[in-house]
2 protein chains.
Amino acid sequence: MAIRPAEQLIHKAAWLYYAHGLRQDQVASQLNISRASVAMYLRKARETGIVNISTSTQLFTDDVLARKLEDALSLDAVWIAPENDHIADPSTEIAVLAASVFLELVKKGDRIGVAWGRTVYMIADVMSYADLQDVTVVQLCGNLGAPYSYRPDQCTMEIARRLNAKGLNFYAPLVLSTEELARALRAEPVIREQLSGVSECDLALYSVGAVDADSHLVKCGALTPSEMADLRSQGAAGVIAGQIIDAEGKVLDCSYNRRVISAELASLRAIARRLVVVQEDSKFEPLLAAIAGGLCTHLVVGARMAQRLLDHAAATTEKAS
Amino acid sequence: MAIRPAEQLIHKAAWLYYAHGLRQDQVASQLNISRASVAMYLRKARETGIVNISTSTQLFTDDVLARKLEDALSLDAVWIAPENDHIADPSTEIAVLAASVFLELVKKGDRIGVAWGRTVYMIADVMSYADLQDVTVVQLCGNLGAPYSYRPDQCTMEIARRLNAKGLNFYAPLVLSTEELARALRAEPVIREQLSGVSECDLALYSVGAVDADSHLVKCGALTPSEMADLRSQGAAGVIAGQIIDAEGKVLDCSYNRRVISAELASLRAIARRLVVVQEDSKFEPLLAAIAGGLCTHLVVGARMAQRLLDHAAATTEKAS
DNA sequence: CACGGCTCTCGACAAAAGTCAAACTGGGCG
DNA sequence: CGCCCAGTTTGACTTTTGTCGAGAGCCGTG
């Protein structure tokens with residue numbers, strides 16, 4: 001910044017244009033600058049979240065399917081992204097929708113817990129900018145030195161950056177080699193504080209991982225494919241914030257879980273709004289597990305997944321009756 | 001509506017345009033309609049609040065003056081509209097700012113109390129549309145059959161309409177001719193309920209009236225100019241939600257006040273966020289009274305008024321020390 | 001069943017907004 | 001002191017968007 005006439009002018013231009021509804025040339029003459037500059041300021045205003053343009057996501061909850069799912073699974077709200085016909089890329093559609101929903105759920109002063117994964121990073125990537133200085137984004141689990149761009153700390157920081165919020169990173173690895181070390185590290189004041197701060201969050205955002213060789217845990221070297229297969233045969237159904245859960249959504253009793261530094265599931269459940277986003281159709285069982293474990297209050301999925309969930313719920317209640 | 005393709009199409013067009021960032025012609029070909037129709041849908045989407053465009057009002061709190069006022073008067077937040085040089089119409093500027101601030105303060109699920117007056121109606125008039133179905137707007141005081149468009153019920157309904165919220169009107173006159181009748185009416189279940197519901201509001205919006213012959217109370221025939229002058233000599237300093245207050249912000253002990261049907265000041269004070277907006281420079285004393293009475297937590301005023309308030313506060317503390 | 005009245009739709013034009021390369025500005029630095 | 005750099009500003013051009021009047025489909029009514 002040369003002399004930073006910026007900030008103030010950007011605000012003024014945005015105000016005159018968006019709040020007063022002046023045309024760009026009128027704004028330009030009011031501020032004694034060229035219209036081209038006004039256009040540039042306005043772009044910056046949009047990019048930095050000084051102006052907010054948001055579209056209601058109602059369309060996606062209005063679906064009867066969404067209502068039925070809310071009832072069947074007792075969720076607070078469900079959004080369903082269409083996948084029929086000519087939607088270019090359903091997974092992008094889900095991410096865009098999730099980003100909008102997320103922004104709709106954030107309130108001033110919130111503390112937000114964010115996990116990691118391809119889905120979470122994709123959401124961060126398409127999220128529009130906002131100006132929420134009094135918001136804090138905290139990382140829900142330890143770090144993983146991955147060659148990918150969706151490392152836990154990157155997910156947290158990118159979302160914090162988009163919101164103009166404070167980002168609170170976790171300075172510990174996700175998995176350690178021994179249980180003792182994990183226990184010792186968890187007892188460290190810095191880590192302990194971070195972990196106990198999780199339940200004070202007002203909103204959480206995560207996806208759920210599959211228990212297979214394609215899992216990020218395997219790709220990042222936290223587990224070998226054969227260990228993963230073992231866990232699967234021991235009842236592993238999904239991955240939440242780096243932890244393995246069983247079909248009931250409980251932490252699986254295994255060495256791996258004991259070596260992980262991450263928010264406890266009870267802390268996650270203490271968060272009022274838990275937004276779960278699932279893009280891949282293959283994550284049906286992991287998602288069921290997360291829902292069974294009460295780890296989800298708000299859900300964003302594609303239409304096919306929604307239908308499967310509903311069919312499953314119907315079959316289950318039928319069997320029970 | 002011919003066959004109401006509207007709602008759904010408007011939503012879809014808005015989504016593709018604003019959330020996905022497509023151009024209008026791309027949206028048009030996706031939806032198999034002409035670009036002209038897309039443009040029309042988008043306008044409707046903006047007009048109905050399906051898309052929200054809001055600009056941060058930070059610029060107006062950033063002022064040092066605003067900070068000083070917050071401290072001096074212990075208010076939660078102050079917004080100051082510039083009045084210097086080439087601002088076309090300061091009172092419109094204040095109304096536009098107040099509308100933005102108001103929208104920024106509203107949260108989902110809120111219950112909002114609204115009083116009446118020219119200022120409040122002007123704010124409603126420039127307020128942009130939003131889509132907040134779970135919000136309720138309640139009228140804070142009884143009605144006045146005025147020949148103006150800013151009748152209490154109209155203020156309430158207009159704001160409710162803009163927000164797409166529920167409007168709860170008050171079916172009682174503001175002033176009755178005898179104290180007995182007022183007392184009896186206040187005891188009526190319907191009215192009682194409405195009045196007791198006021199303290200459950202999360203947000204209130206009102207201005208403050210002056211005690212002079214120009215007051216709406218006089219114009220609408222609730223008081224004669226000479227009665228008003230009398231009240232003034234008895235210590236009346238301002239009007240809040242149809243009630244006369246003294247310089248300390250307490251209800252003035254007078255027949256008029258006993259004949260009024262309106263929210264009690266204690267109920268108003270029970271509302272967490274009380275947004276007071278003052279446009280006219282002449283309302284200095286009424287505003288002081290309202291602040292003294294703790295009826296204001298959030299304030300929107302013009303720069304001159306802000307300066308006067310600050311000078312007054314400085315003089316007062318100086319005298320005290 | 002023909003008639004207005006109604007809204008929705010579209011093509012064509014006018015207006016506004018976006019973009020880009022070139023000119024400019026005000027420090028920092030050799 | 002003059003040069004360079006990075007960010008800003010601008011005029012001219014292109015693209016995108018807004019708008020208007022005409023036409024088309026639909027319904028209730030006479």
**Student:** When the distance from NZ of A:Lys44 to P of C:dG18 is rounded to whole Å, what number comes out?
**Tutor:**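 Distance, rounded to whole Å: 15 Å.
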
**Student:** I'd like to know if B:Asp281 and B:Arg304 make a salt bridge, using a cut-off of under 4.0 Å between side-chain N and carboxylate O.
**Tutor:**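 Salt bridge flag = yes for B:Arg304 with B:Asp281.
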
**Student:** Roughly how far, to the nearest 0.5 Å, is the CD1 atom of B:Ile112 from the OG1 atom of B:Thr156?
**Tutor:**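 That separation rounds to 11.0 Å.
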
**Student:** Answer yes or no: is there an ion pair linking A:Arg162 with A:Asp131, defined by an N-O contact shorter than 4.0 Å?
**Tutor:**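 So A:Arg162 does not pair with A:Asp131 through a salt bridge.
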
**Student:** In this structure, how many angstroms lie between the C1' atom of C:dT7 and the CD1 atom of B:Ile33, rounded?
**Tutor:**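 It is 15 Å, rounded to the nearest whole Å.
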
**Student:** Would you call B:Arg67 and B:Glu70 a salt bridge, using N to O less than 4.0 angstrom?
**Tutor:**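 Judged by the 4.0 Å cut-off on N to carboxylate O distance, B:Arg67 and B:Glu70 do form a salt bridge.
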
**Student:** Is it true that a side-chain atom of B:Arg151 and a backbone atom of B:Trp116 form a donor plus acceptor pair closer than 3.5 Å?
**Tutor:** no

**Student:** May I have the distance from A:Tyr41 (atom OH) to C:dA17 (atom C1'), rounded to whole angstrom?
**Tutor:** 17 Å

**Student:** List every contact pair, protein side and nucleotides 21-25 of chain C side both N or O, where the distance is under 3.5 Å.
**Tutor:**
none

**Student:** Charged N to carboxylate O below 4.0 Å: is that the case for A:Arg118 and A:Glu280?
**Tutor:** yes

**Student:** Could you write out each protein N or O paired with an N or O of nucleotides 17-21 of chain D at a distance under 3.5 Å?
**Tutor:**
| unit_1 | atom_1 | unit_2 | atom_2 | d |
| --- | --- | --- | --- | --- |
| D:dT17 | OP1 | B:Tyr17 | OH | 2.9 |
| D:dT17 | OP2 | B:Gln24 | N | 2.9 |
| D:dG18 | OP2 | B:Gln24 | NE2 | 2.5 |
| D:dG18 | O6 | B:Arg35 | NH2 | 2.7 |

**Student:** Can you tell whether the side chains of B:Arg111 and B:Asp202 come within less than 4.0 Å, N to carboxylate O?
**Tutor:** no

**Student:** With sequence neighbours excluded, what pairs up with B:Asn169 under the side-chain hydrogen bond (donor to acceptor under 3.5 Å, both in side chains) test?
**Tutor:** none

**Student:** Are OP1 or OP2 of D:dT10 and a side-chain N or O of A:Ser37 less than 4.0 angstrom apart?
**Tutor:**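 So the side chain of A:Ser37 is within the cut-off, an N or O lying under 4.0 Å from OP1 or OP2 of D:dT10.
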
**Student:** Rounded to whole Å, how long is the line connecting atom CG of A:Leu16 with atom P of C:dA17?
**Tutor:**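 It is 13 Å, rounded to the nearest whole Å.
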
